[in-house]
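Note that this is a predicted model, so its numbers are computed, not measured. Residue numbers count from 1 along this sequence.
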Amino acid sequence: MGKKVTYERWINLFLPDGWQEREEMGFVLLEKDNWPGMIQISFIERDETKTAPADAARIYLEDTLEERDIPFPREAVKVENGGKIGRAVIDYTVKNSKEPAHWRVWFIVDKTRAIMAAYICDPEHEGHELDEASTIIADLEFIASTND
């Protein structure tokens with residue numbers, strides 16, 4: 001059945017059975033027992049609000065990866081324009097490391113806010129686990145802003 005979690009002024013989040021959320025300093029972690037990964041959600045107030053949400057989502061995603069020196073092909077960034085909400089997502093895998101990891105990073109942006117969500121897992125667990133994490137993010141909804 002799952003549960004609905006509301007973060008005041010920000011989002012409604014719908015968690016499937018078995019998922020728990022916990023707040024850390026500046027972000028939320030979503031976890032499931034015996035699950036090979038976790039979802040991290042960060043909340044960002046937009047300083048610049050003239051850029052369309054879809055364009056802003058792409059900019060946030062690319063800037064975040066560049067700031068962290070993560071090489072990525074720009075053509076791998078997928079952008080969805082939902083009018084008042086824009087989404088950008090990228091998948092990348094780091095295998096040549098002591099700790100290989102698969103990352104899927106999303107930016108979901110409305111007129112005044114942005115959400116960064118990242119799912120991190122072992123590359124051996126990219127199947128249904130990644131699909132379930134993606135469903136949680138796809139069902140995330142912004143709470144209507146008084147600035148809309």
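- The closest side-chain donor-acceptor pair between E132 and W19 falls under 3.5 angstrom.
- Using bins of under 30°, 30° to 60° and over 60° for the plane-to-plane angle, the ring pair F107/Y60 lands in the parallel bin.
- Note that CD of Q20 is 12.0 Å distant from CH2 of W35, once rounded to the nearest 0.5 Å.
- Rounded to the nearest 0.5 angstrom, I44 CD1 and I115 CD1 are separated by 7.5 Å.
- When all heavy atoms of V79 and A54 are compared, the pair lying nearest together is CG1-O, 3.7 Å.
- The closest side-chain heavy-atom distance from C121 to E129 is not below 4.5 Å.
- Ring geometry for Y7 versus F43: interplanar angle of 30 to 60°, hence tilted.
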Stepwise side-chain contact (heavy atoms from CB on, under 4.5 Å) test for I137 and R87
CA-CA 11 Å; I137 301 306; R87 293 176 183 259; 4.3 Å; yes
For a side-chain contact (heavy atoms from CB on, under 4.5 Å) check, start with the C-alpha distance between T64 and V105, then their side-chain angles and the critical distance, and finish with the verdict.
CA-CA 10 Å; T64 298; V105 180; 5.8 Å; no
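- Classification of K3 and E21 as a salt-bridged pair holds, one side-chain N sitting under 4.0 Å from a carboxylate O.
- Looking at heavy atoms from C-beta onward, L30 lies in side-chain contact with L13 at the 4.5 angstrom threshold.
- At least one donor-acceptor pair under 3.5 Å links the side chain of R46 to the backbone N or O of K111.
- There is a path of hydrophobic side-chain contacts, each under 4.5 Å, that joins I120 to M116.
- Here the CG-CG distance, from D55 to N81, works out to 7.5 Å after rounding to the nearest 0.5 Å.
- Side-chain N or O atoms of R74 include none that pairs as donor or acceptor with a backbone N or O of E62 at under 3.5 Å.
- Looking only at distances, a side-chain donor or acceptor of E48 sits under 3.5 Å from a matching main-chain atom of K50.
- Looking at heavy atoms from C-beta onward, D91 lies in side-chain contact with L130 at the 4.5 angstrom threshold.
- When all heavy atoms of T112 and T49 are compared, the closest pair comes out as CA-CG2, 4.3 Å.
- The hydrophobic clustering, which links ILVMFWY residues whose side-chain heavy atoms are closer than 4.5 Å, places V5 and I39 together.
- Closest approach of M38 to Y119, counting heavy atoms only: O-CD1, 3.2 Å.
- Under a 3.5 Å cut-off, the side chain of R104 and the backbone N or O of D131 do not form any donor-acceptor pair.
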side-chain contact (heavy atoms from CB on, under 4.5 Å) for E80 and V89? Distances and angles first, verdict last.
CA-CA 9 Å; E80 178 185 318; V89 64; over 6 Å; no
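- Separation of atoms CD1 (I136) and CG (L15) is listed at 5.5 Å; rounding is to 0.5 Å.
- Rounded to the nearest 0.5 angstrom, T6 OG1 and N12 CG are separated by 4.0 Å.
- Closest non-hydrogen pair, K84 versus P53, comes out as O-CG, 3.5 Å.
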side-chain contact (heavy atoms from CB on, under 4.5 Å) between L140 and W106, worked out
CA-CA 12 Å; L140 176 150; W106 298 262; over 6 Å; no
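- For the atom pair CD of E24 and CD1 of I41, the computed distance is 13.0 Å after rounding to the nearest 0.5 Å.
- For W10, the CH2 atom sits in a packed shell: over 12 heavy atoms of surrounding residues, nucleotides or ligands are nearer than 6.0 Å.
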